[in-house]
Each structure stands twice: as structure tokens, then as C-alpha cells.
Amino acid sequence: MPDALLRACDGHVTEASDDDTVLGMAPRWVASPATTAEVSAVMSAASASGLAVVPRGSGTKLRWGNAPRRLDVVLDTTRLDRLVEHAAGDLILVTGAGRPLATLQEDLAGSAQRLGIDPTRSGTIGGTVATGTSGPMRLRHGAVRDLVIGMTLVRADGVVAKSGGKVVKNVAGYDLAKLLTGSFGTLGVITEVAFRLHPVPGERRWVTVSVDGPDAAQDAVQSLVHSQQVPVAVEVDWDGATGTVAALLEGHAEATEECAATVAQELGDGAHVSGSAPPWWGEDLEREGPRDRGSGRTLVRVTHEIAGAGRLLRATGDLRERCGVLASYRGSPAVGVGCAVLDGEATTVVAAVDHLRATAAALGGAVVVLEAPDAVRDRLDVWGPATALDLMRSVKQRFDPGGVLAPGRFVGGI
């Protein structure tokens, strides 16, 4: 074990075990720094020795992306769990990247504020930002990248950089925080994040309606998108042939009741209002995924134009007859993103992914394979076709010329 690595985080370096592998790649060590300065020292030591580093939070999304081309050190961020600052009057929060999202929401509960990433689930703040994971409320509050207003990060060479600040409107310099959001740890190690917050509403109502086909689902989504009541979230749960469309409305008690009743009337017969969420609400397939690493299921994220939601659901339902694959879908059609779980043999799942990619491309979107058995991964590119690869490679070269940070994990093997 390099002495510089051991000194970098005050002795919190251990020999790696089988549990620390990343998609089959076994590291030699796990370093667990507790401060930005220690992360800087770890990266300086790794860069000087040419060691490849993969950042890791709680590990819930470690099987997303490509396997790293090489791996020496897993940089565990879970000791970076300090709540740095909560300016309740300004609706601003700064937190360490290793703080669990569930813990952070508990921190905010007493102030009647929340971070608009829902629902409360496993995973760290750093992992959520690094993978660009959002939830149903992205329709109202925006994706996670829209909630980030500042960031502290450590470059591959150990240099500490800061982007943005603690005010919502900040236009000074390049927006590195937006660049690192969704970069899968390939450009820098996130150590602290500043977020804008939102008040907890006085009342919540869900309006749901069953749909017996993709056209009915599309009609329900369009009705909600164009409603003057402005839902906070619009979600669909689809089993391949039928499903449920649901909308969340929030606000003052009396007004929310009236808005929910109006939305139910707009959706027509069968729509009903409830004070509790549907049982599947928030159980987003993207967050839950195949629970077991040996699962034969494949989890894919799909993006599409809002107007193409019905066509996408139809394509998902066609996979059984076309490819022999069972598929279910859950997502946010009003913002054009969701996840499908595909269940079948490797060759048929690959054919299903190809069909979904062709459909999504025709709808202005794309398909990324998040989790899959090795037999599926070996037969396809998990990221799929991508534009602007030359630009992305150039950015990677500027940030990490030595290829130290998560080499090969991102689009195009970046």
C-alpha cells in the first residue's frame, strides 16, 4: 500500500474485498477520506503514482455505466457526510457529498423545507448528482442539475475547485457544477454540494386514472400537461398492455382539493382523488432496479418527446410478441423520461433494446442500459449512440489528461 495514500486520509485505507469490485474489476485498495482536503491528498497521491480511481458513495448505482478499463483505488465518500450549512431563510443548503439523501431530508423536516429530489430513498447526495438521478417532482422543480447551485470538487490531480455559490442567481465563471452532474465521476470527485430548497406544501392530493391502452395513456398525459391546474408531477405505471396515469397536486388545503377535483373531471370517468399516493408511486424502476446482482432482468432508461409517450408505451408492449421479452415501464411522461425492466434471454433482450432505441430515436430520445447481466452487457453498448463525442473526449482530456478518474466508465469509453 503506498504510504502517500495511507497518509492522505489519516490511515482510513483498507485492502479491497470482493464487495468492492466494479462490474468485475477488482481494486487493490479502498480509501475513505473525511474532508475535501483528504480527498485532494488521495487524488494527488493517486495521480502521482498513476493509480486509477473510481469514486463511490453507498454503491447503489455502481453497476451503472461501463466497467472501468483499470481500477486501483475505490474512493469511498461516505465519511463526507457533514451537513455544512442550512440557511432556512434563503432556502439554501450545503452538504457533504457522502450524506445519505434520506438523512438530508430528515435534516430539513423541522424547517418545513425539502430538497426536490423525491422520494426519500437509499443513496448519497454525491451519487445522486454524479448520476443525474431525479424523481417525479422534476416536472415542477426541475432535474437534479437544476437544483444544484454550487459545488466543491477535487480534480484528478488533487486541485480543489469551486463552482457557483450559495445564491440562486450566480453567473460568475463556468458552470462546472452542471458539467459534473451526470458525469459518473469521470471529471472530478464531488465533495460538497449547494442546493436550492423548496417549502413543504400544506396539502397533497393524487389524481389517478386507469388506462386500457397506449392511446388512452397519451390522452391522459396530454390532458394533464395542458391542464391549468399545473400538477407537480405526472407519472405512469405500465405493464405492457394497461396501466395507470397519476398526477400530484400540492398547495393550500382548500385550493388543492378544488384543483384535484377539476383535474379528475378533466381526466373523465374512472378518475379519482386520494390523499395518499398510489402504491407504486415513487417506487421508480430507475432507483430500485434489479435488486440482485445475479438477476436476469435488464434495466434501461428511456427519454422521448412528450408527445411520443403513447408510441413509446406501445413499443414497450410490442416487445413480448416482437422479441419474446416481458417488459414493464414506469416514468414521467410529462418530462419525457422513464425506465423499463426487460426480462428474457440475453439475445432477445438485446433485440428489445435495439427496438426501443430505434423507437426512442424517432421520438427525439435515447435508451441507456443501466443494469444488465453480463451476457447482455457483452452484446451491446450500454450507452448507445451518442452525439458530440469529440467534444466530450476533449473535456475529459482537459480535466483528466492522465485518465485517472473512472477511466472508460462514461459514454464512448471516456
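- Panel note: side chain T181, backbone R145; no donor-acceptor pair is recorded below 3.5 Å.
- Side-chain N or O atoms of D72 include none that pairs as donor or acceptor with a backbone N or O of P27 at under 3.5 Å.
- Here the side chains of V129 and F195 are in contact, with some heavy-atom distance below 4.5 Å.
- Distance CG/L176 to OG1/T152: 11.0 Å, rounded to 0.5 Å.
- A donor-acceptor pair is defined here as one N or O able to donate and one able to accept, closer than 3.5 Å; no such pair exists between the side chain of Q397 and the backbone of R393.
- Salt bridge status for K396 with D400: present, with a side-chain N to carboxylate O gap under 4.0 Å.
- Q105 places a side-chain N or O within 3.5 Å of a backbone atom of L115 that can act as its donor or acceptor partner.
- The shortest distance between side-chain heavy atoms of V232 and L249 does not fall below 4.5 Å.
- A donor and an acceptor atom, one from each side chain of E266 and S227, are located under 3.5 Å apart.
- Evaluation of the side-chain hydrogen bond (donor to acceptor under 3.5 Å, both in side chains) rule for H12 yields R79 as partners, not counting sequence neighbours.
- No side-chain N or O of T124 forms a donor-acceptor pair with one of R99 less than 3.5 Å apart.
- Here the OG atom belonging to S111 is positioned 8.5 Å from the CG atom belonging to L91, to the nearest 0.5 angstrom.
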Exercise. Does the side-chain contact (heavy atoms from CB on, under 4.5 Å) test come out yes or no for D219 and V211, once each step is laid out?
Worked result: CA-CA 9 Å; D219 290 344; V211 289; over 6 Å; no
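- Between E106 and R114 there is no salt bridge, since none of the side-chain N atoms of the basic residue sits less than 4.0 Å from a carboxylate O of the acidic one.
- The CG atom of D381 sits 6.5 Å away from the CG atom of N66 when rounded to the nearest 0.5 Å.
- The main-chain N or O of F410 is never found under 3.5 Å from a side-chain atom of T186 such that the two would form a donor-acceptor pair.
- Residues L319 and L326 are not in side-chain contact: their nearest non-hydrogen atoms beyond the backbone lie 4.5 Å or more apart.
- Counting heavy atoms from C-beta on, the side chains of T131 and F184 come closer than 4.5 Å.
- Using a cutoff of 4.0 Å between basic side-chain nitrogens and carboxylate oxygens, R330 and D237 are scored as salt-bridged.
- With sequence neighbours excluded, the residues forming a side chain to side chain contact (heavy atoms under 4.5 Å, CB included) with A87 are E85, D90, I92, listed by chain and number.
- Screening residues 228-258 for ring pair (Phe, Tyr, Trp, His ring centres under 6.0 Å) gives no qualifying pairs among residues at least two apart or on separate chains.
- In this structure, R56 pairs ionically with D20, as a charged nitrogen and a carboxylate oxygen lie closer than 4.0 Å.
- Between the CZ atom of R409 and the OG atom of S183 there is a distance of 11.5 Å, given to the nearest 0.5 Å.
- There is a side-chain donor-acceptor pair under 3.5 Å between E235 and S332.
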